[in-house]
Student: 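Here it is: the structure, laid out below.
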Protein chains: 2
Amino acid sequence: HSKVIVVGNEKGGSGKSTTVMHLMTALLHAGYKVAALDLDARQATLSHYLENRRDLMARKGLNLPMPEYHAILPSDKVSRDEARQEDEDRVEEAVQRLRAENDFLVIDTPGSDNFLSRIGHSYADILVTPLNDSFVDLDVLAKIDPDNHNVIRPSQYAQMVFEQKMARAKREGLHKTFDWVVMRNRMGHLESKNQQAMDQAITTLAKRIGFRVAPGFSERVIFRELFLDGLTLLDLRAADTGIRMSMSHVAARQEVRGLLQSIGLPVIG
Amino acid sequence: HSKVIVVGNEKGGSGKSTTVMHLMTALLHAGYKVAALDLDARQATLSHYLENRRDLMARKGLNLPMPEYHAILPSDKVSRDEARQEDEDRVEEAVQRLRAENDFLVIDTPGSDNFLSRIGHSYADILVTPLNDSFVDLDVLAKIDPDNHNVIRPSQYAQMVFEQKMARAKREGLHKTFDWVVMRNRMGHLESKNQQAMDQAITTLAKRIGFRVAPGFSERVIFRELFLDGLTLLDLRAADTGIRMSMSHVAARQEVRGLLQSIGLPVIG
Ligand SMILES: Nc1ncnc2c1ncn2[C@@H]1O[C@H](COP(=O)(O)OP(=O)(O)OP(=O)(O)O)[C@@H](O)[C@H]1O
Ligand SMILES: Nc1ncnc2c1ncn2[C@@H]1O[C@H](COP(=O)(O)OP(=O)(O)OP(=O)(O)O)[C@@H](O)[C@H]1O
Ligand SMILES: [Mg+2]
Ligand SMILES: [Mg+2]
């Protein structure tokens, strides 16, 4: 039975598309059949990444593992209710089809709130939420007390996740829910007071709103510099890209492996 | 005559709200009357920042300069055309009122595409677009050739900006357009090949799609660590926050001053 991994966070720029690209290529290199669904198809970071990957393969005669791919734009029906219904039908059709034919389906979602994203969340077996190491990012998960960093109340994204868990249970039975994992992203290399304060707040929040904390990614250029070629560091062994493996590449690979392990996915070689 | 500064970029997490907070507090400390308009009112980073600022003032008995503030949520009318009309009317009313009573109106927009954001862009005198130092971020401005980093074609956000310039000229006469400034944000402290490639691509793009490049902000914890108190580094002199001014604070202040100068705004003391 295939697994659906949704990468979501209403906060923009937290690292959703970057995380999708790295999870996807790691699973492909581990020999699994993977499908990719882009629910942020106007911005299309994931769609363009896969286009860049196909172009590179054509230009350089390389043979890289590719996922089955599909993208869904928001419905353009004039009535909000009809648009919602069309979004729901399209997501359901795509998820059912892509799950049936692959071991994993990885779904990228937009850094904002819309029907497509909500419906996509309701199909998750695993929800991965990347988060910048900042109280600005944490603000969409919960309101935090400035003096003692306690949780005052969950925010709009945590509420949305809770609603989609309920929608999932209603659709497929109470036993069916998803595993919610939060990962810190773009972590600074120097320990700071801000990082410690974030540590404390996230640990408190995890218990309060019910998610697990996964080891995250540090701020490393290698996580972003291969986008134009449609590659990630997981591809570097397979493709003769002429890029030298540095200490940061090795550390970044460890971080990807750490994330995979903590969300119960097969680990890269 | 007041100036409207819109901070926009469809790419999530590029630093829009952070830039708004710093521009706004710099102008307030320079003694100007400033209004803030939040067109991203579901995520509400700017609205929560100002709430946090008010709470701090109440808690600590501080007196900090505050902007006049207004937020607009997207219309909830069921028909798309009626919703668009309501969005347009609400933005027009707020902009006309806030401009009349203040020296500057600073507008925060969401990291996605919607009517409110488009209409907000059409009222800009100055449009500031923050950008992470990454080809992932650049992708929403233009498609870039992976081999020579030339511009293949403008992307959806550049096209939206062009459309709003036309809407502005139609509404207020051809002589009325806005100054488009792109600033790099979260720049790494080590020069990398990626940074140089970004330099080249942005310089080419500036000529091709018509924007100026402003000096940007480096990756510094001080740009994000005061969010829960509703402060920025510009407030540190005025408020007895017990935070020591470090070398990074001094450098960050220079960066904010550099941005103000390059967009023709009064420089902070
Ligand atoms: N660990 C990392 N190290 C360095 N740069 C990173 C890292 N993670 C993400 N980035 C960069 O940060 C920016 C935001 O990442 P990304 O676009 O993946 O986030 P997102 O959540 O998908 O954004 P959106 O909300 O717009 O969809 C991009 O410029 C990306 O290249
Ligand atoms: N120069 C900087 N140094 C350090 N951190 C920064 C800097 N600029 C922004 N950040 C952090 O990066 C993240 C994104 O910034 P911000 O929320 O201001 O972007 P945005 O464009 O408003 O995002 P959205 O698209 O969600 O509205 C936040 O966690 C913020 O604290
Ligand atoms: Mg994305
Ligand atoms: Mg914002």
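Nothing here was measured: the structure is a model prediction, and the numbers come from that model. Proteins come first, then strands; the chains are lettered A, B, ... in the order of their sequence lines, and each starts at number 1.
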Student: Can you tell me which portion of Val78(A) sits under 4.5 Å from chain B's heavy atoms? Options are side chain, backbone, both or neither.
Tutor: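 For Val78(A), the contact with chain B is made by backbone and side chain together.
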
Student: With rounding to the nearest 0.5 Å, note down the distance linking CD in Gln43(A) to CG in Asp139(B).
Tutor: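 Those atoms lie 8.5 Å apart.
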
Student: Could you work out, with side chain to side chain contact (heavy atoms under 4.5 Å, CB included) as the rule, every residue matching Asp76(B), not counting sequence neighbours?
Tutor: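 Counting only residues at least two positions away or on another chain, Asp76(B) forms no side chain to side chain contact (heavy atoms under 4.5 Å, CB included).
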
Student: I'd like to know whether CZ of Arg153(A) has more than 12 heavy-atom contacts from other residues, nucleotides or ligands below 6.0 angstrom.
Tutor: no

Student: What's the verdict on side-chain contact (heavy atoms from CB on, under 4.5 Å) for Glu10(A) and Arg42(B), showing C-alpha distance, side-chain angles and the deciding distance?
Tutor: CA-CA 10 Å; Glu10(A) 271 188 47; Arg42(B) 172 177 165 94; 2.7 Å; yes

Student: For the interface with chain B, which of Gln195(A), Arg80(A), His149(A) has the highest count of heavy-atom pairs at distances below 4.5 Å?
Tutor: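 Of the candidates given, the most pairs with chain B belong to Arg80(A).
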
Student: Heavy-atom pairs under 4.5 Å with chain A are the metric here; pick the option from Gly188(B), Gly230(B), Ala44(B), Ser134(B) that has the most.
Tutor: Ser134(B)

Student: Which bit of Val136(B) comes within less than 4.5 Å of chain A, counting heavy atoms only: side chain, backbone, both or neither?
Tutor: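 For Val136(B), heavy atoms of backbone and side chain both lie under 4.5 Å from chain A.
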
Student: At what distance, to the nearest 0.5 angstrom, does OG of Ser192(B) lie from CD of Glu225(A)?
Tutor: 7.0 Å

Student: So for Ala197(A), is it side chain, backbone, both, or neither that comes closer than 4.5 Å to the heavy atoms of chain B?
Tutor: neither

Student: With rounding to the nearest 0.5 Å, note down the distance linking CG in Asp229(A) to CZ in Phe135(B).
Tutor: 10.5 Å

Student: Does any heavy atom of chain B fall under 4.5 Å from the side chain of Lys16(A), the backbone, both, or neither of them?
Tutor: neither

Student: Quick check on Asp147(A) against chain B: is it the side chain, the backbone, both or neither that has a heavy atom closer than 4.5 Å?
Tutor: side chain

Student: Which bit of Asn52(B) comes within less than 4.5 Å of chain A, counting heavy atoms only: side chain, backbone, both or neither?
Tutor: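 Answer is side chain: those atoms of Asn52(B) sit under 4.5 Å from chain A.
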
Student: Please flag which part of Phe227(A) lies under 4.5 Å from any non-hydrogen atom of chain B: side chain, backbone, both or neither.
Tutor: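 Answer is side chain: those atoms of Phe227(A) sit under 4.5 Å from chain B.
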
Student: If you count heavy-atom pairs under 4.5 Å between each of Asp81(A), Asp133(A), Asp137(A), Asp55(A) and chain B, which one has the most?
Tutor: Asp133(A)

Student: Check whether Val140(B) gets within reach of chain A through its side chain, its backbone, both or neither, counting any heavy atom under 4.5 Å.
Tutor: side chain

Student: Which of these, Leu56(B), Leu228(B), Leu226(B), sits in a side-chain contact (heavy atoms from CB on, under 4.5 Å) with Pro146(A)?
Tutor: Leu228(B)

Student: Which residues in residues 110-119 of chain B have any heavy atom closer than 4.5 Å to a heavy atom of chain A?
Tutor: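 Residues of residues 110-119 of chain B touching chain A at under 4.5 Å: Gly111(B), Ser112(B), Asp113(B), Arg118(B).
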
Student: Could you tell me whether Leu190(A) atom CG has more than 12 heavy atoms of other residues or ligands within 6.0 Å of it?
Tutor: no

Student: Among Ala83(A), Gly13(A), Ser155(A), Ser14(A), which has the most heavy-atom pairs under 4.5 Å with chain B?
Tutor: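 Sorted descending by pairs with chain B, the first entry is Gly13(A).
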
